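Fair warning: this is a prediction, and the values are worked out from it, not measured in the lab. So that the names make sense, note that chain A is the first sequence line, chain B the second, and so on, each numbered from 1.
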2 protein chains.
Amino acid sequence: MFTQAEENYLKAIYKITQHTADQTVSTKSIADELGTSSASVTDMIKKLTDKSLLSYEKYYGVSLTREGQKLAIMLLRKHRLWEVFLHDKLGFNWDEVHDVAEQLEHIQSYLLIERLDEFLGYPKFDPHGDPIPNENGNFTYRNQVSLSSVQETGKKLTMLGVRRHQADFLKYLDSIHLKPGVQLTILSKQAYDQSLRLQIADRDEILITQQVSQDILVKP
Amino acid sequence: MFTQAEENYLKAIYKITQHTADQTVSTKSIADELGTSSASVTDMIKKLTDKSLLSYEKYYGVSLTREGQKLAIMLLRKHRLWEVFLHDKLGFNWDEVHDVAEQLEHIQSYLLIERLDEFLGYPKFDPHGDPIPNENGNFTYRNQVSLSSVQETGKKLTMLGVRRHQADFLKYLDSIHLKPGVQLTILSKQAYDQSLRLQIADRDEILITQQVSQDILVKP
DNA sequence: TTAAAATTTTAGACAAAACTAAAATATATA
DNA sequence: TATATATTTTAGTTTTGTCTAAAATTTTAA
């Protein structure tokens, strides 16, 4: 099939298209995403283009072909299912799952991933609240808004996920007992810096900055 | 740590030492085991010797150092734990587990394997009846003999494992409902070709050749 | 015990995936 | 619009793991 390096390039390109309007991705953005040189990226682009996973025009940029996109989504599916396994079955913390899932996602076995999905009860979201594509590559859509955009105070909210996945951010949220599924209430909002005083579950109240609240997703 | 290729060489060398009296392994036997050329083996031996996983004398042969052996046993541990997971949790047949475990055993995470062991209930044997080394590399010993060596007829025996792991052999055993844990009784033995008439569980009796009975292990 | 056969090693080459340095092209700005 | 800056590509190297062919060594057997 494809090498791990090839798969990592497809994932990176897919990820970049997710948070940009354009479907066309620059060499540099891929290099930045993977922490590699532009020259290496150009080399790999050629290989993936030859394998018709990318369409590519020199000096202009690349985009995923239908086949390339399908493959990228299946990698995301595998990654997120493994994260659920590590978290739900093996008791990993949500900040520990990513690195191991990054390895597990490259295991080649269609049967494995379908059986794993079944074993986990066909989960729709991973431990960070990100949607898991199904066998056909379809994502479950759900309404979610940034905690920073919520105006009402006193209303009970449910945390759904995060927008940043860095381990230190997740560890911080953990330390204040915030993770997907937890109930929280905005007690008050500071007008000048948009910081929030929160009640998390039934615990003591806590203060979080806007920088943090922007990256927390809740049910609207 | 070590590359997959390096790990595969260590495993191969360990495997060869298991069914030979000598701890010293020839270049050719490694090449045969891995389906590669002797020249490639010589190259890799040098690398592994530099990393003090092997001790090596030109034209004479190699043996695993204590460190190399430890690593090989940990790979066996990972392989067999994954086989248990695939078989017990994901419902893989015992002839399907090997190839996927071959990939999974290279995943690098100490936590993963210790948690997996715990999740599986610290199994002592894999789906083929092979012992799983514990965290310290120790195997559980148990008395087991080849079915071909059993003389008494009419005695209830318990199958413990197999000596061959080829998928077609396992599929054949499956088709006659033989697998570890199953109760069987020798009804009679043909003197001239050592073939056995067996009762397996409560099913119809069946005839197996000595070639097959030699590779079936039972509680003595 | 010496010649033939088998094994092992060396030498040289190749593909994959990365790098650096330099050249080519595109974009931004004065 | 012309030039400076940024991006992209090319060219040439490196490392890993493989290969084939040939040389060196060991083993087998006449």
Quiz prompt | Pair B:K11 + B:E33: basic N to acidic O under 4.0 Å | solution = no
Practice problem: May I ask you to check if B:K89 and B:F119 form a cation-pi contact, with NZ or CZ under 6.0 angstrom from the six-membered ring centre and within 45° of the axis? | Solution: yes
Quiz prompt | Whole-Å distance separating the CZ atom of B:F2 from the C1' atom of D:dG17 | solution = 17 Å
Quiz item: Counting only side-chain N and O atoms of B:T27, is one of them less than 4.0 Å from OP1 or OP2 of C:dT9?
Solution: yes
Quiz item: Tell me: CE of B:M1 to P of D:dT16, nearest whole Å?
Solution: 15 Å
Quiz item: So, is B:K46 close to the C:dT10 phosphate, meaning a side-chain N or O under 4.0 Å from OP1 or OP2?
Solution: yes
Quiz item: To the nearest Å, how far apart are B:K28 NZ and D:dT26 P?
Solution: 19 Å
Practice problem: Please determine, by modelled atom types, if B:Q23 and B:Q69 share a side-chain donor-acceptor pair under 3.5 angstrom. | Solution: no
Quiz item: Aromatic ring centroids of B:H98 and B:H165 under 6.0 Å?
Solution: no
Quiz item: In whole Å, what is the span from the CG atom of B:L34 to the P atom of D:dG17?
Solution: 13 Å
Quiz item: Among residues 16-24 of chain B, which residues get a heavy atom nearer than 4.0 Å to DNA chain D?
Solution: none
Practice problem: At under 4.0 Å between heavy atoms, which parts of nucleotides 11-26 of chain C does protein reach? Answer with one letter per nucleotide, 5' to 3': B base, S sugar-phosphate only, - none. | Solution: -----SBSBBB--BSS
Exercise. Answer yes or no on whether B:R142 is positioned over the face of B:F125, meaning its NZ or CZ is under 6.0 Å from the six-membered ring centre and within 45° of the axis.
Key: yes
Quiz item: Starting at CD1 of A:I45 and ending at C1' of D:dT10, how long is that distance when rounded to a whole Å?
Solution: 14 Å
Quiz item: Which pair of non-hydrogen atoms, one from B:N143 and one from B:P220, has the smallest distance, and what is that distance?
Solution: O-CD, 3.4 Å
Exercise. Flag the pair B:D50 and B:K46 as a salt bridge only when some basic side-chain nitrogen lies within less than 4.0 angstrom of an acidic carboxylate oxygen.
Key: no
Practice problem: Mind listing the closest non-hydrogen atom pair of A:H106 and A:E102 along with its distance? | Solution: CD2-O, 3.2 Å
Quiz item: Do the ring centers of B:Y14 and B:Y9 come within less than 6.0 Å of each other?
Solution: no
Exercise. Please report, rounded to the nearest Å, how far the C1' atom of D:dG17 is from the CD1 atom of B:I30.
Key: 15 Å
